[in-house]
Amino acid sequence: MPEIDPALRLAAAEAVAREAGSLARRYYLVRDTLEIESKGAQDLVSQADREVETLIRDRLAKLFPEDGFVGEEHAHALKTDGGGHWVIDPIDGTWCFLNGIGSWCVSLAYERAGKVETGVVYDPMADELFAARRGGGAVLNGVPIRVADATSLADGTVSLGYSLRVPVTSMLPLFDKLLNARGMYQRHGSGALGLAWTAAGRLIGYLEPHMNSWDCLAGLLLVEEAGGFTNDFLENNGLLDGNPVIAGPKALEAEFARLTDHW
Ligand code: IPD
Ligand code: CA
Ligand code: CA
């Protein structure tokens with residue numbers, strides 16, 4: 001098979017994320033009518049999540065029949081021949097989505113051989129499309145973005161993510177260290193969007209003790225391509241098992257290592 005031009009995958013991801021986002025937005029506007037199931041404490045899923053992922057997979061499988069899939073809501077289709085995977089979160093921020101808070105997005109990444117090559121995060125409520133290709137920079141609605149030029153934790157707000165997949169002891173020392181350094185925090189409700197906002201310099205970083213690959217691969221590439229640093233999320237089988245996420249401006253890398261040294 002000839003190599004596919006990475007620019008083509010990026011253009012396809014942008015178009016598919018927009019179409020998926022507009023379907024998700026239609027569901028959001030009638031969210032009270034959706035069938036909702038609980039996957040566990042603080043973990044909901046609705047027909048919107050499943051149907052949006054189905055749309056994304058259908059479109060990408062037609063365009064790139066050789067590619068594999070790792071998605072939150074449907075079975076993975078893993079490649080064993082060295083091929084790459086589309087890593088999909090149809091709705092990141094489901095709790096916000098189902099409770100009428102507009103902080104949710106579609107997140108799509110393409111990973112191959114342990115590297116993220118393409119990342120797109122689309123926020124349909126704000127019509128903001130964050131997109132990056134490895135080596136090609138990061139843009140928001142076509143305009144280049146950069147991480148914040150913060151040099152201290154006191155220079156802005158860090159987004160902290162947390163889920164019940166990890167013990168509360170992973171978070172408590174983090175709050176202590178961040179607040180004592182005159183830092184400030186928010187929890188976005190959508191980790192993918194928290195990372196995209198970090199890439200755009202709105203937040204000075206994103207920290208979470210465990211994320212799944214579909215939550216964060218697109219956002220991590222956005223931060224790197226916007227001039228920031230990230231931890232090596234894909235090490236130790238991060239694609240399938242998840243890992244911690246640490247991302248922000250390079251000037252804060254040492255401070256973030258200190259905040260998270262208990263992980
Ligand atoms: C969750 C969100 C949340 C993060 C969790 C994720 P979901 O994804 O990104 O912000 O803290 O780790 O599981 O369930 O809304 O797709
Ligand atoms: Ca998610
Ligand atoms: Ca999700």
Side-chain angles (χ1 to χ4, degrees), residues 17 20-21 23-25 27-28 31 34 36-57 69-76 86-109 111 116 119-125 130 157-168 170-171 174-175 185-199 202-203 205-220 222-223 230-231 233 238-247 260 263:
L23 174 62
R25 188 174 187 279
Y27 280 122
Y28 179 75
R31 60 192 169 276
L34 297 179
I36 300 171
E37 280 166 47
S38 168
K39 293 201 268 185
Q42 304 281 353
D43 196 5
L44 301 173
V45 63
S46 78
Q47 69 198 90
D49 302 76
R50 296 200 172 110
E51 287 173 25
V52 173
E53 184 166 324
T54 299
L55 178 142
I56 294 169
R57 287 195 185 212
F69 290 97
V70 172
E72 179 168 20
E73 308 299 349
H74 296 304
H76 302 332
W86 288 99
V87 184
I88 304 167
D89 197 338
I91 298 176
D92 184 61
T94 292
W95 192 90
C96 296
F97 179 96
L98 291 174
N99 287 284
I101 299 170
S103 185
W104 55 271
C105 65
V106 177
S107 177
L108 283 184
E111 170 276 344
V116 189
V120 171
V121 169
Y122 181 52
D123 173 351
M125 303 312 290
F130 301 84
T157 298
V158 179
S159 195
L160 302 182
Y162 176 69
S163 74
L164 296 179
R165 295 185 297 270
V166 289
V168 291
S170 58
M171 292 309 280
L174 176 51
F175 279 108
Y185 69 92
Q186 58 119 263
R187 180 176 187 271
H188 207 296
S190 160
L193 214 44
L195 284 162
W197 281 29
T198 299
R202 295 173 183 173
L203 298 166
Y206 190 90
L207 307 173
E208 179 158 350
H210 178 269
M211 292 181 99
N212 285 305
S213 58
W214 46 85
D215 303 312
C216 66
L217 283 194
L220 288 170
L222 285 164
V223 173
T230 71
N231 63 312
F233 179 85
L239 182 66
L240 299 181
D241 295 343
N243 258 326
V245 166
I246 304 172
T260 57
W263 287 358

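Start at 1 and go down the list; that is how both ligands and their atoms are numbered.
Every atom of ligand 1 is numbered from 1 in the order shown, and the set under 4.0 Å from a heavy atom of I91 is 16 (O). Remark: ligand 1 atoms within the under-4.0 Å shell around heavy atoms of D89 are 16 (O). Every atom of ligand 1 with a heavy atom of E72 under 4.0 Å away is listed here by number and element: 16 (O). Shown in contact with R165 at under 4.0 Å from a heavy atom are these atoms of ligand 1, numbered in order with element: 5 (C), 12 (O), 13 (O). Each of the atoms 4 (C), 5 (C), 11 (O), 12 (O) of ligand 1 lies under 4.0 Å from some heavy atom of E208. Heavy-atom contacts of D215 reach the following atoms of ligand 1: 6 (C), 8 (O), 13 (O) (cutoff under 4.0 Å).
For the side chain to side chain contact (heavy atoms under 4.5 Å, CB included) test, residues two or more places apart in sequence or in another chain that qualify with Y185 are L160, F175, L178, L179. Scanning for side chain to side chain contact (heavy atoms under 4.5 Å, CB included) contacts around S170 gives Y162, V166, P209, W263, with sequence neighbours left out. Partners of N212 under the side chain to side chain contact (heavy atoms under 4.5 Å, CB included) rule, at least two apart in sequence or in another chain, are R165, H210, W214, D215.
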Inset, instruction - May I have the step-by-step check of side chain to side chain contact (heavy atoms under 4.5 Å, CB included) for L217 and L239, ending in yes or no? - result: CA-CA 9 Å; L217 283 194; L239 182 66; 4.2 Å; yes

Inset, instruction - Decide yes or no on side chain to side chain contact (heavy atoms under 4.5 Å, CB included) for V116 and L220, but give the supporting numbers first. - result: CA-CA 9 Å; V116 189; L220 288 170; 6.0 Å; no

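For N212, no heavy-atom contact with ligand 1 is shorter than 4.0 Å. For Y162, every heavy-atom contact with ligand 1 shorter than 4.0 Å involves the backbone, none the side chain. Counting heavy atoms closer than 4.0 Å to ligand 1, residue S190 contributes backbone atoms (N, CA, C, O) but none from C-beta onward. At a heavy-atom distance under 4.0 Å, only side-chain atoms of R187, from C-beta outward, approach ligand 1.
With hydrogens and angles disregarded, a donor-acceptor distance shorter than 3.5 Å links the side chain of S103 to the backbone of H188. The backbone N or O of A192 lies less than 3.5 Å from a partner atom in the side chain of D92, making a donor-acceptor pair. E73 contributes no side-chain N or O that, together with a main-chain N or O of D49, makes up a donor-acceptor pair within less than 3.5 Å. Under a 3.5 Å cut-off, the side chain of D89 and the backbone N or O of S107 do not form any donor-acceptor pair.
Both cation-pi conditions hold for R31 and Y28: the charged atom is under 6.0 angstrom from the six-membered ring centre and inside a 45 degree cone around its axis.
Taking any N or O of D92, backbone or side chain, at least one lies under 3.5 Å from an N or O belonging to ligand 1. Between G161 and ligand 1, no pair of N/O atoms sits closer than 3.5 Å. Where the criterion is an N or O separation shorter than 3.5 Å, residue side chain and backbone included, M211 fails it with respect to ligand 1. At a 3.5 angstrom cut-off on N or O pairs, T94 counts as close to ligand 1. Below 3.5 Å of separation, one finds an N or O of G189 facing an N or O of ligand 1.
You'll find the side chain of F130 reaches within 4.5 Å of the side chain of W197, heavy atoms only. Under the 4.5 Å side-chain criterion, counting only non-hydrogen atoms from C-beta, L222 is not in contact with L195. Using a 4.5 Å cut-off on side-chain heavy atoms (C-beta onward), P244 and T260 make no contact. W86 places none of its side-chain heavy atoms less than 4.5 Å from the side chain of R57.
Here atom 15 (O) of ligand 1 lies nearest to G93 when heavy atoms of P90, S103, G93 are compared. When G219, G191, P209, S159 are checked for heavy-atom proximity to atom 10 (O) of ligand 1, G191 turns out nearest.
Rounded to the nearest 0.5 Å, atoms CZ (R187) and CE (M171) are 8.5 Å apart.
The count of protein N, O or S atoms under 3.0 Å from the Ca ion (ligand 2) stands at 3, with waters excluded from the count.
The closest approach between D49 and ligand 1 stays at or above 4.0 Å for every heavy atom of the residue.
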